[in-house]
Amino acid sequence: MHSSPPETRASLILRLPDAADVAAWDEVVAIYTPLIRRLAFAQGMQPADADDLVQEVFSAIARSVSQWLDRTDRGGFRAWLLTIARNAAVNYLTRRGTRTLATGDEDAAAMLAEVPAPASEVSSQFDQEYRREVFRWAAAQVKCQVAETTWSAFWMTQVEGISVAEAARRLEVSVGTIYVGRSRVMSRLKEVVKQHEVTQWC
């Protein structure tokens with residue numbers, strides 16, 4: 001059984017009430033947009049509907065994150081975001097065809113933020129997708145920071161499952177080079193993920 005993935009770091013969340021903090025919002029959007037879209041697809045939504053849901057969720061977060069931060073019972077950010085996303089999806093499917101998705105209504109945003117916690121099964125799926133998305137995000141950062149051979153050594157042996165000997169043959173380098181390159185990338189990935197996350201909300 002996997003332990004619960006760490007929460008998005010507190011320092012990043014504390015910057016979200018500032019709508020002008022583009023870097024903070026870019027990071028959160030990059031990590032969570034694919035997760036929200038997958039949740040939408042799991043509910044049977046079409047791509048255009050999923051895009052609307054993404055906008056609705058982040059609009060609700062922008063309007064209510066300050067109030068959420070003030071709560072003593074707020075819990076984890078990811079669970080809160082998932083709650084908003086699930087209930088926004090339900091609301092959308094219920095009212096589709098009769099009302100537009102994004103109303104801009106502050107009361108609606110508050111209501112989305114206050115709904116009960118998500119079902120454990122959906123939450124578990126969301127956590128798994130979160131892990132994958134954090135890896136994809138971190139991998140994109142690291143890939144640009146290392147040599148192509150170094151990255152390939154990691155990707156072939158750790159992701160594609162190719163043996164070290166075969167990777168060395170394909171890349172025309174020594175086995176030792178594969179081990180060193182793989183270790184370097186893995187260390188850097190851990191650093192990038194750690195920069196994004198903390199073990200708990202503090």
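It should be emphasised that the depicted structure is a prediction, and the values quoted were computed from it without experimental measurement.
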Step-by-step side chain to side chain contact (heavy atoms under 4.5 Å, CB included) determination, Leu189 to Phe154: CA-CA 11 Å; Leu189 280 171; Phe154 161 78; 3.4 Å; yes
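- For the residue pair Trp80 and Ser64, the shortest heavy atom distance occurs at CZ2-OG, 3.5 Å.
- For Ser163, the side-chain contact (heavy atoms from CB on, under 4.5 Å) partners at least two apart in sequence or on another chain are Ala165, Glu166.
- The 12-atom threshold is not exceeded at CD of Glu172, counting heavy atoms of other residues, nucleotides or ligands nearer than 6.0 Å.
- In terms of the salt bridge (charged side-chain N to carboxylate O under 4.0 Å, His left out) criterion, Arg182 has no residue partners (sequence neighbours excluded).
- Side chains of Ser152 and Thr149: no donor on one and acceptor on the other come within 3.5 Å.
- Hydrophobic clustering of Ile, Leu, Val, Met, Phe, Trp and Tyr side chains at less than 4.5 Å, counting indirect connections, keeps Val54 apart from Val22.
- Taking the six-membered ring where the residue is Trp, Phe77 and Trp68 present perpendicular rings, their angle passing 60° and hence far from 30°.
- With sequence neighbours excluded, the residues satisfying side-chain contact (heavy atoms from CB on, under 4.5 Å) with Ala24 are Leu12, Arg15, Leu16, Asp21.
- Cluster membership check: Phe41 does not share its hydrophobic cluster with Leu35, using side-chain heavy-atom separations under 4.5 Å among Ile, Leu, Val, Met, Phe, Trp and Tyr.
- Taking CG of Leu81 as the start and CD1 of Ile31 as the end, the distance is 11.5 Å to the nearest 0.5 Å.
- Side-chain contact between Glu56 and Asp52 is absent, with no heavy atoms from C-beta onward closer than 4.5 Å.
- Under the side-chain contact (heavy atoms from CB on, under 4.5 Å) criterion, Val146 pairs with Val142, Thr150, Trp151, Val185, sequence neighbours left out.
- The hydrophobic cluster around Ile178 extends to Met156, Ile162, Val164, Leu171, Val173, Val175, Tyr179, counting ILVMFWY residues whose side-chain heavy atoms fall within less than 4.5 Å of a member.
- With values rounded to the nearest 0.5 angstrom, Glu148 atom CD is found 14.0 Å from Trp155 atom CH2.
- Distance check: Ile84 CD1 to Ile36 CD1 gives 9.0 Å after rounding to the nearest 0.5 Å.
- Listed here is the closest heavy atom pair of Leu53 and Ala85: CD1-O, 4.1 Å.
- Under the 4.5 Å side-chain criterion, counting only non-hydrogen atoms from C-beta, Val28 is in contact with Phe58.
- Using a 4.5 Å cut-off on side-chain heavy atoms (C-beta onward), Val57 and Ile61 make contact.
- Scanning for salt bridge (charged side-chain N to carboxylate O under 4.0 Å, His left out) contacts around Arg184 gives an empty result, with sequence neighbours left out.
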